[in-house]
Amino acid sequence: MDVTTSTTSTGQAAQSGQASTQAESDSSSRAISADFETFLKMLTVQMRNQDPLNPVEGTDFAVQLATFSTVEQQVRTNDLLGALGNQLGGLGFGQLLGWVGMEARTTAPVAFDGAPVDLVLPGIALADRAEMVVTNAQGVEVQRQSVPASGGELTWVAMDEDGKPLPNGVYTLTVEGYASDAMLGSQPVEHRADIVEARQTAQGTRLLLSTGQEIAAEEVIALRRSE
């Protein structure tokens, strides 16, 4: 077998994939920039033509700007996750071992087993206060607590409003940001867990976490070696 030819072909394919991913990212960035300029023009026209006897509240402008900022961040995040999924999802069976033993950071729901969970909270642009909302597998809100609007790390102690521990199960955690009483938007909370198994399926690479959850490779935001 011609090893040189095989290696060269693989390198060319990888370079081609990287170039394609970069082109898609550049195109997305240009689209976001154009949309932001259009948004600013529309906002300026709205301010110029508002009724001077009944001007728009400042918080309304803040909500509009924060909404656009949130959408922009989500578009960029989706692009990054898509690129990461394309790169990692195409790995061969042997390379799946590279996942095992790594610590993944993800926005997938949290599998609670009674132990405190380390979380990474997102920051909400322009918010002066924020609340973390916890819902169970049925979508019912079971906990709400104040958190820093700037984001940061938090150890989550899962308790209901009566101070009793929540039942073991899977919970979805989000952070809602507010300016005064106006909600600016919400973003998912991130958490970390070790990867104990990786396998290739028809739907792509699936990862089994130490919490018992199974997630898609595309749901991984970051990786680091498990401590």
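Nothing here was measured: the structure is a model prediction, and the numbers come from that model.
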Distance check, rounded to the nearest 0.5 Å: [X] atom [atom1] versus [Y] atom [atom2]?
X	Y	atom1	atom2	result
Thr174	Gln187	OG1	CD	10.0 Å
Met159	Lys164	CE	NZ	12.0 Å
Ile195	Glu103	CD1	CD	9.5 Å
Thr205	Trp99	OG1	CH2	7.0 Å
Ser210	Asp113	OG	CG	9.0 Å
Glu214	Thr201	CD	OG1	7.5 Å

What are the two closest heavy atoms between [X] and [Y], and how far apart are they?
X	Y	value
Asp181	Tyr178	O-CD2, 4.2 Å
Phe112	Pro167	CD2-O, 3.7 Å
Ala149	Ala127	CB-O, 3.7 Å
Asn168	Gly114	OD1-N, 3.4 Å
Ser226	Gly101	CB-O, 3.2 Å
Asp128	Ser180	OD2-N, 3.0 Å

[Y] and [X], any side-chain heavy atoms less than 4.5 Å apart:
X	Y	result
Val196	Val100	no
Val189	Trp156	no
Leu207	Gln213	no
Val142	Glu161	no
Val134	Thr172	no
Arg192	Glu153	yes
Val110	Val170	no
Thr155	Val117	no

Any donor-acceptor pair under 3.5 Å from [X] side chain to [Y] backbone:
X	Y	value
Asn136	Gly169	no
Asp118	Val120	no
Glu176	Ser186	no
Thr106	Glu219	yes
His191	Ala108	yes

Going by the rule side-chain contact (heavy atoms from CB on, under 4.5 Å), which residues pair with Glu197 if we only count those two or more places apart in sequence or in a different chain?
Arg199, Leu208
For a quick check under 3.5 Å, do Gln145 and Gln143 share a side-chain donor-acceptor pair by atom type?
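Their side chains do contain a donor-acceptor pair, which is all the 3.5 Å distance test asks for.
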With no hydrogens and no angle check, just 3.5 Å: does a side-chain donor-acceptor pair link Ser146 and Glu131?
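No, no side-chain donor-acceptor pair sits under 3.5 Å.
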Stepwise side-chain contact (heavy atoms from CB on, under 4.5 Å) test for Leu173 and Val133:
CA-CA 6 Å; Leu173 285 68; Val133 181; over 6 Å; no
Worked check of side-chain contact (heavy atoms from CB on, under 4.5 Å) between Val140 and Thr135
CA-CA 5 Å; Val140 178; Thr135 56; over 6 Å; no
Please report the C-alpha distance between Ile221 and Thr107 in whole Å, then the side-chain angles of each, then the deciding distance to 0.1 Å, and finally whether the side-chain contact (heavy atoms from CB on, under 4.5 Å) criterion is met.
CA-CA 8 Å; Ile221 296 174; Thr107 56; 3.4 Å; yes
In terms of heavy-atom contacts, does CZ of Arg225 have more than 12 from other residues, nucleotides or ligands at under 6.0 Å?
no
